[in-house]
Amino acid sequence: MLKEYLKSQNRTNEEIIANTFSSDEAIRFSKSDYRWADNKRKPFRHMPVRKGEIYQFEFGKNYIPEMSYEHRGIVIGVKQKLLYVLPIFSYDADKHVDVYHPVDYPDSKSDMFLLKNSEFSFIKHHSVLKLNDIRTVSVNRILYQHSGRIAPSSDTYKKIERLVMLKYFPEFCHDFEQKTQMSIVLQKRLDEAEEEKNILRMENGKLMDELKALKERLSALEDNESRK
């Protein structure tokens with residue numbers, strides 16, 4: 001065990017000496033390793049986490065283009081002690097030349113959802129939400145909670161969920177939306193048929209009343225004739 005540990009440490013040190021990592025990244029993955037070791041034996045946190053809330057997470061060391069180290073993220077699912085999270089990071093206009101925004105860039109197919117600081121209280125600068133990099137993380141990866149929340153009942157949150165589903169399950173979403181549209185059409189036809197049935201029922205009632213009145217008049221005429 002010690003041999004393998006020293007082997008990994010020596011390999012990391014070689015890359016640091018070779019300037020493979022920037023000083024900033026070396027600090028970040030060092031913090032990541034320390035947090036992992038520090039939290040390894042700690043019990044699960046008992047804290048209520050809700051969809052739409054924003055937290056600072058330790059995502060750990062990962063390969064590019066996976067999200068790594070410390071970043072914000074929005075919770076889009078909670079399953080016991082596992083959270084489903086979409087990473088959030090700073091927007092760079094030069095780097096992120098194609099982003100989605102429901103008003104400014106509604107036709108974009110980008111994997112980046114632009115969060116403007118004028119629209120969300122929990123960000124100081126424009127940020128982007130990484131729609132195609134959903135992460136399944138332990139509740140123990142939470143560092144702290146940010147103020148603000150995107151309510152699941154809001155149009156923005158529903159749009160985010162829909163876009164995520166389209167990124168991961170395009171065929172399912174297409175079939176689901178097609179069937180939903182068909183269901184709406186069929187329901188409209190059913191409502192129209194029900195309305196026509198009610199109209200026919202009313203007309204039938206009127207005709208029955210008129211027929212009854214005619215029968216009564218005919219009966220009265222026959223009584224008068226028989227008395228003469």
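Quantities reported herein were computed from a predicted structural model and do not represent experimental measurements.
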M182 meets the side chain to side chain contact (heavy atoms under 4.5 Å, CB included) criterion, sequence neighbours left out, with L186
* Does any donor atom in the side chain of Q187 or D191 lie under 3.5 Å from an acceptor atom in the other side chain? -> yes
Practice problem: Run the numbers on Y55 and V49 for side-chain contact (heavy atoms from CB on, under 4.5 Å), then give the verdict. | Solution: CA-CA 10 Å; Y55 292 88; V49 178; 3.8 Å; yes
Rounding to 0.5 Å, atoms CD1 (I76) and CD1 (I150) come to a distance of 11.0 Å
- Message: Please determine whether salt bridge (Lys or Arg N to Asp or Glu O under 4.0 Å) holds for the pair E15 and R11, giving the CA-CA distance in whole Å, both sets of side-chain angles, and the decisive distance to 0.1 Å.
- Response: CA-CA 7 Å; E15 293 303 310; R11 186 71 184 90; 2.4 Å; yes
Correct closest heavy-atom pair for K109 and K167 would be O-NZ, 2.8 Å
- Walk me through it: do E177 and R162 pass the test side-chain contact (heavy atoms from CB on, under 4.5 Å)? CA-CA 11 Å; E177 291 183 350; R162 179 180 178 275; 2.9 Å; yes
Residues 180-224 vs ring-ring contact (aromatic ring centres under 6.0 Å, His included), sequence neighbours excluded, gives none
When you measure from the side chain of S108 to the backbone N and O of V99, does any donor-acceptor pair fall under 3.5 Å?
yes
- Query: Would you call Y91 and H125 a side-chain contact if the rule is heavy atoms closer than 4.5 Å?
  - Reply: no
field: Residue pair F57, L83: steps toward the side-chain contact (heavy atoms from CB on, under 4.5 Å) verdict
entry: CA-CA 11 Å; F57 290 96; L83 309 176; 4.0 Å; yes
Exercise for review: Determine whether K212 and M208 make a side-chain contact, defined as any pair of heavy atoms from C-beta on separated by less than 4.5 Å.
Suggested key: no
Query raised in the report: So do M47 and I142 actually touch side chain to side chain, heavy atoms under 4.5 Å?
Result: yes
Heavy-atom closest pair (D104 atom, K116 atom, distance to 0.1 Å) is OD2-NZ, 2.8 Å
Applying side chain to side chain contact (heavy atoms under 4.5 Å, CB included) to K61 and not counting sequence neighbours gives F29, S32, D33, Y69
Q) Is the number of heavy atoms from other residues, nucleotides or ligands under 6.0 Å of E192 CD greater than 12? A) yes
Here the ring-ring contact (aromatic ring centres under 6.0 Å, His included) pairs for residues 157-212, sequence neighbours left out, are none
Rounded to the nearest 0.5 Å, the CD atom of Q80 sits from the OG atom of S138 at a distance of 12.0 Å
Partner of D38 under salt bridge (charged side-chain N to carboxylate O under 4.0 Å, His left out), picked from K42, R41, K40, is K42
Closest heavy-atom pair, D92 versus D94, reported as atoms and distance to 0.1 Å, is OD1-N, 3.0 Å
Could you tell me whether the side chain of F113 reaches within less than 4.5 Å of the side chain of V164, counting heavy atoms only? no
side-chain contact (heavy atoms from CB on, under 4.5 Å) with L86: of D133, N132, I74, only one passes, and it is I74
Query raised in the report: M112 and L114: side-chain contact (heavy atoms from CB on, under 4.5 Å), yes or no, with the steps?
Result: CA-CA 6 Å; M112 305 296 177; L114 178 61; over 6 Å; no
Heavy-atom closest pair (R72 atom, S127 atom, distance to 0.1 Å) is NH2-OG, 3.1 Å
| message | Check for me, please, whether I54 and I134 land in the same ILVMFWY cluster - side-chain distances under 4.5 Å, paths through other members count. | response | yes
Check: Are the aromatic rings of Y100 and Y105 close, with centres under 6.0 Å apart?
Finding: no
Heavy-atom nearest pair, N117 first then K124, reads ND2-O, 2.9 Å
* Are R201 and N198 close enough, and set up right, to give a side-chain hydrogen bond (donor to acceptor under 3.5 Å, both in side chains), and what steps lead you there? -> CA-CA 5 Å; R201 184 183 288 118; N198 291 333; 2.8 Å; yes
- Task: Kindly indicate whether the side chain of F120, heavy atoms from C-beta on, has any atom under 4.5 Å from the side chain of T156.
- Result: yes
CD1 of I123 to CZ of F89, rounded to nearest 0.5 Å, is 12.5 Å
For residues 139-152, the side chain to side chain donor-acceptor pair (under 3.5 Å) pairs (sequence neighbours left out) are Q56-H146
So K158 and E161, salt bridge (Lys or Arg N to Asp or Glu O under 4.0 Å) or not? Walk me through it. CA-CA 5 Å; K158 291 177 181 178; E161 273 199 343; over 6 Å; no
One should read off an interatomic distance between H96 NE2 and H126 NE2, to the nearest 0.5 angstrom, of 13.5 Å
When rounded to the nearest 0.5 Å, the distance separating CG of N204 from CG of D209 is 9.5 Å
Here the pair of heavy atoms bringing P48 nearest to E53 is O-OE1, 4.1 Å
Side chain to side chain contact (heavy atoms under 4.5 Å, CB included) filter on K215, not counting sequence neighbours, yields L211
Does any non-hydrogen side-chain atom of V185 lie less than 4.5 Å from one of R189? yes
- Would you find a donor on one side and an acceptor on the other, under 3.5 Å apart, between the side chain of T12 and the backbone of S8? yes
query: Counting N and O atoms only, with roles assigned by atom type, does the side chain of N39 sit under 3.5 Å from a partner on the main chain of R35, one being a donor and the other an acceptor?
result: yes
The reported gap from NZ in K130 to CE in M67 (rounded to nearest 0.5 angstrom) is 5.0 Å
| Neighbour count >12 (heavy atoms, 6.0 Å) for atom CD, E195 | no
- request: Please test E25 against R28 for salt bridge (Lys or Arg N to Asp or Glu O under 4.0 Å), starting from the C-alpha separation and ending with a verdict.
  value: CA-CA 5 Å; E25 185 173 12; R28 297 181 77 185; over 6 Å; no
